[in-house]
Each structure stands twice: as C-alpha cells, then as structure tokens.
Amino acid sequence: MKSLDGKAAIVTGASSGIGRAIARALGDAGVSLTLTARRADRLEAIAGEMESAQAVQADFRDEEQIRAAIKSAAHHWGRLDILINSAGLAKQAKLTDGDSEDWREMLDVNVLGLAIANREALRYFDPQAGGQIVNICSMSGHRVPGKGGFYAATKFAVRAMSEGLRQELRAAGNSTRVSQVSPGFVDTELLDIYFQTSGADRYSAVDYEMLKPDDIARTVLHVLTAPDHVDVTDVLVRPRAQVT
C-alpha cells in the first residue's frame, strides 16, 4: 500500500461525523489538510488538534464558496492531491408529500455541490500524476428505503456522476482516480436528522450496532493507499446486522 505522507487534501463536511473521522485519519497518515464545512467553530477546534491543517468555512449550497475553499486548499499547501467529498444532507422527505425545500437542499449539497467540488479540484491536481477523489455515497444509492426516496435519488446521482467522471477522465488520458464509499447506517448526528420526520432518533430507529465514523475512515484510507494500477470504484460497507 502506498504512503500518503506529504500529500495535501481537502475534506468537505469535516466538522462532524464521517468527515471529521476521515480528516483525523488522514492527518495521522501525514497528509496536510484543508477542512471545510458550514460550522466554523467546530472546524477551528478540529484543525487546532492537528499538526498540519487549516479550516475554511464554506456552505456547499453556494458555488462561489466551494470554488474559494478548493482554491484556498491548493494555494495554502502549494499542491492538491486528494478531495474527499463528505458534505451531505439526509432527510426523510417523501416523494408523495415531501417539503420542496428539503428536496432542494439535498439536491444542492448532495448533487450539485459534489459535482462542483469534483470539477474544481481537477483544476489543481498534478496534470501528469493526477489526483484522487473519494465521494461519500450511501447504501441508499444502491437501493431505495421507504420514506427516503428523494434522498436515495441524490445518492443514485452520486453513483452515476462518480462513474461518469471516471470514464471522462480515462477517455481524456487523465490519471485521476475516482472512488466512492457507500456506508449503511453510521452512528452520527446525521441519522437523527434523517429520522426526525418520523419522530425517532438514531438509537430508537436502529436497534443494532451501527458502523462508527472510524470504520468509514479506515475504508477511505484503504481506497487511497491502493497501488496506482488499482481502481477501487465503489465500496459497500454496512453493519453486520443491517439486512438491506
């Protein structure tokens, strides 16, 4: 497995949950980090715990803020090698009677924000060696859960965009690797938001041991450290007790 020491990465959604765990794992692996999310206070606290990290507040519903965050990452470290797209929203906004604003917010962050971040990062990757993109998807991008049809649609879109980008890059002779990781239920506050429509929280809705954010971080490290001739395009990881 190759070393990540000396690489520079930007991690979106780094203020909590999966994004925070990935950021810490990359920092431990010797990666210089730009951490971005909406909550500046949390970002500053996490960056302050690391040897080589900067915090850049950005709302991934705003294209200019996405562009500025990625530009800052590349200019601050003098290079950009890795993009981790962990920013995302999950709400049980049904297709029969869901709130249009919930739909729009998930579309803006999960789909458009991710696509913009991918495009902008490509501008700064080394033109010969390329870089690495890891999009955090979901098991909901592989099957449609009840009450979560619109969220699932955004994650199906992530799968399509990841594969489409991979094919475009290969056709252009670009060495950048594009991967995605699709977790099942992970023990984060995101699940509380997802289940709140039905009056539940993560612990009342899921009655078995969930994945931990560190489980996903280890999976991402496995993807990033694969030999250069290996393309890990999608990893599905779920709790052992999760049936679907």
Indicate, with yes or no, if [Y] and [X] share a hydrophobic cluster defined by side-chain heavy-atom contacts under 4.5 Å among Ile, Leu, Val, Met, Phe, Trp and Tyr.
X: V31; Y: I84; value: yes
X: F156; Y: F150; value: no
X: V109; Y: L190; value: no
X: V181; Y: V186; value: yes
X: V134; Y: I66; value: no

Can a salt bridge be assigned to the pair [X] and [Y] using a cut-off of 4.0 Å between side-chain N and carboxylate O?
X: D126; Y: R79; result: no
X: D59; Y: R61; result: yes
X: E63; Y: R119; result: yes

Any side-chain donor-acceptor pair under 3.5 Å between D231 and T233?
->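 Side-chain D/A pair, D231 to T233: absent.
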
Quick one: do the R159 and S182 side chains pair a donor with an acceptor below 3.5 Å?
->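 Judged by distance alone, the side chains do not pair up.
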
Minimum side-chain heavy-atom gap [X]-[Y] below 4.5 Å:
X: K7; Y: Q132; value: no
X: L191; Y: M210; value: yes
X: L4; Y: L221; value: yes
X: E163; Y: Q167; value: yes
X: D234; Y: H142; value: yes
X: S52; Y: W77; value: yes
X: D215; Y: V237; value: no
X: F125; Y: D81; value: no

Under the side chain to side chain donor-acceptor pair (under 3.5 Å) criterion, do Y203 and D192 qualify, and how do the steps go?
-> CA-CA 9 Å; Y203 301 114; D192 293 331; over 6 Å; no

Say whether, by atom type as modelled, one donor and one acceptor occur between the side chain of [X] and the main chain of [Y] under 3.5 angstrom.
X: S179; Y: V232; value: yes
X: R67; Y: I116; value: no
X: Q242; Y: F185; value: yes
X: N110; Y: L89; value: yes

If I take atom [atom1] from residue [X] and atom [atom2] from residue [Y], how far apart are they, to the nearest 0.5 angstrom?
X: L114; Y: I136; atom1: CG; atom2: CD1; result: 10.0 Å
X: M161; Y: R166; atom1: CE; atom2: CZ; result: 15.5 Å
X: L169; Y: N174; atom1: CG; atom2: CG; result: 4.5 Å
X: L83; Y: I133; atom1: CG; atom2: CD1; result: 5.5 Å
X: Q92; Y: F195; atom1: CD; atom2: CZ; result: 6.0 Å
X: D108; Y: T154; atom1: CG; atom2: OG1; result: 11.0 Å

Decide if atom [atom1] of [X] counts as having more than 12 heavy atoms of other residues, nucleotides or ligands within a radius under 6.0 Å.
X: K71; atom1: NZ; answer: no
X: H75; atom1: NE2; answer: yes
X: E51; atom1: CD; answer: no
X: R240; atom1: CZ; answer: no
X: K147; atom1: NZ; answer: no

Of the non-hydrogen atoms in [X] and [Y], which two are nearest, and what is the gap between them?
X: S86; Y: T12; answer: N-OG1, 2.9 Å
X: R170; Y: R177; answer: NH2-CA, 3.8 Å
X: A21; Y: D214; answer: CB-OD1, 3.6 Å
X: V56; Y: S72; answer: CG2-OG, 3.7 Å
X: A152; Y: S140; answer: CB-O, 3.3 Å
X: V111; Y: A157; answer: CG2-CB, 4.0 Å

Pick out which of R39, R202, R20 makes a salt bridge (charged side-chain N to carboxylate O under 4.0 Å, His left out) with E189.
->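 Exactly one pass, corresponding to R39.
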
For N118 and N135, run side chain to side chain contact (heavy atoms under 4.5 Å, CB included): C-alpha distance rounded to whole Å, both residues' side-chain angles, the deciding distance at 0.1 Å, then the answer.
-> CA-CA 9 Å; N118 285 347; N135 295 324; 3.3 Å; yes

